[in-house]
Amino acid sequence: MTRRPIGIIVNGVTGRMGYRQHLVRSLLAIREQGGVPLADGTRIWPELVLVGRNENRLRDIAERHGLTDWTTDLTAALTRDDVEIYFDAQLTQQREKAVRQAIDAGRHVYTEKPLAEGSPAAVELARAAEAANVRTGVVQDKLFLPGLRKLKRLIDGGFFGRILSVRGEFGYWVFEGDWQPTQRPSWNYRTEDGGGIVMDMFPHWHYVLEELFAPVRAVSCVTATHIPRRVDEAGRPYPATADDAAYGIFELDGGIVAQLNSSWTVRVNRDELVEFQVDGTEGSAVAGLRNCRVQHRSVTPKPVWNPDLPSGEDFRSQWTEVPDNDEFDNGFKVQWEAFLRHVVAGEAFPWDFLAGARGVQLAELGLRSAREHRRVEVPELGR
Ligand SMILES: NC(=O)c1ccc[n+]([C@@H]2O[C@H](COP(=O)([O-])OP(=O)(O)OC[C@H]3O[C@@H](n4cnc5c(N)ncnc54)[C@H](O)[C@@H]3O)[C@@H](O)[C@H]2O)c1
């Protein structure tokens, strides 16, 4: 077995996503399984360079996982001959500058979403990467969730007939931090630090809608900051300036209407933290993170509206669970493997910077719609 080592800078490895999903669940898991196999039997072997701001925390993480290569000097790391990929899971606001630096150093770049804070900057990064002939990728993890993979399988198999609408509920209660510690970083709740649920979630909604259903042509959005004051990680109260809920309507090609609620101020009365109901002429489905249930037109009940009588139907029990029929690995890891094969073996990888830029654009237009209280069309984003 030949090993093909590939040097990867992992920046932002002390953060929630950088540590858990990217380092532990993806890159270290890839090493544990013996690398990423290629068709000729070669195995791509990630060699990690941890990068961050705090020496002690980096050393801590490195030692915990038997790693030895870490530094607080990104510029120096980018000049190393054995580094081919730069990965960024930093705070969103720090991303553009670091990604630009990596492109200038001729490194391939993979990054968390959103790619940048605005679409002009995101498109500019896509252009710069193309000019520098480096390969790019943006995390689109939701596509690899078991529930959405099953939904995609139903769509590809023609289960729905003509798809009419998509209804999505995402969210949970994020504690304010006063009487119980909050479970998300406080920067998420400050616009001045790049926070806000629209910037956080619309890039996800963009690729989910575009990849599963159809391109998004217009957006109407209402946002709210329902909780205007929160308490940060250090116990200090602060004004929450960013949107913590977004109520969006997306018009898609083919007349499909998608309504997606995103909220950090909602208590969960669903089976999963995100659920999408898709209604089509031939059947409907409800997909979550892991599960997916369907109801075909042949078994659709015929409710009659009569508030004077109890309905007598147990509607939830009338749906059928879609079987796994497959093994679903961690979505972040699956996408990492695809990106590594893209870089090393030139395999196709559609989730590039331009795709990431379209996600940023939708977030930007959602915010504009909310600010201007109007429906906003989504123009084609050119290279
Ligand atoms: N794909 C997903 O589902 C998903 C989910 C959550 C977050 N994210 C994205 O991942 C990125 C990181 O989010 P997170 O929740 O892990 O955040 P986090 O606050 O837990 O981590 C932020 C990381 O950035 C580093 N950093 C660098 N410069 C910083 C600065 N000036 N101030 C503060 N931190 C700085 C921190 O040290 C830390 O390693 C964000 O861009 C976010 O949009 C993606």
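Ligands are counted one by one from 1 in listed order, and the atoms in each one are counted from 1 as well. Position 1 is the first residue of the sequence; numbering continues from there.
Residue-ligand proximity: Lys142 is placed with a non-hydrogen atom under 4.0 Å from ligand 1. At least one heavy atom of Arg95 sits under 4.0 Å from some atom of ligand 1. Residue contact check for ligand 1: Tyr19 places no non-hydrogen atom closer than 4.0 Å to it. Ligand 1 has no atom lying under 4.0 Å from any heavy atom of Gly52.
Every atom of ligand 1 with a heavy atom of Asp141 under 4.0 Å away is listed here by number and element: 1 (N), 2 (C), 3 (O). The distance from ligand 1 to the heavy atoms of His204 drops below 4.0 Å at these ligand atoms: 1 (N), 2 (C), 3 (O). Atoms of ligand 1 found under 4.0 Å from any heavy atom of Pro114 (numbered from 1 in listed order, with element): 43 (O). Residue-ligand proximity, Pro185 to ligand 1, at heavy-atom distances under 4.0 Å covers atoms 15 (O), 17 (O), 18 (P), 19 (O), 20 (O). Residue contact check: Lys113 has heavy atoms under 4.0 Å from atoms 1 (N), 8 (N), 9 (C), 41 (O), 42 (C), 43 (O), 44 (C) of ligand 1.
Looking at Met17, Arg53, Gln94, Gln90, it is Arg53 that brings a heavy atom closest to atom 35 (C) of ligand 1.
Between Phe339 and Tyr110, the ring planes are parallel. Angles under 30° get that label, and only those over 60° would be called perpendicular.
Inspection of the Thr111 and Arg95 side chains reveals an N or O donor paired with an N or O acceptor under 3.5 Å.
At least one N or O atom of Glu112, backbone or side chain, sits closer than 3.5 Å to an N or O atom of ligand 1.
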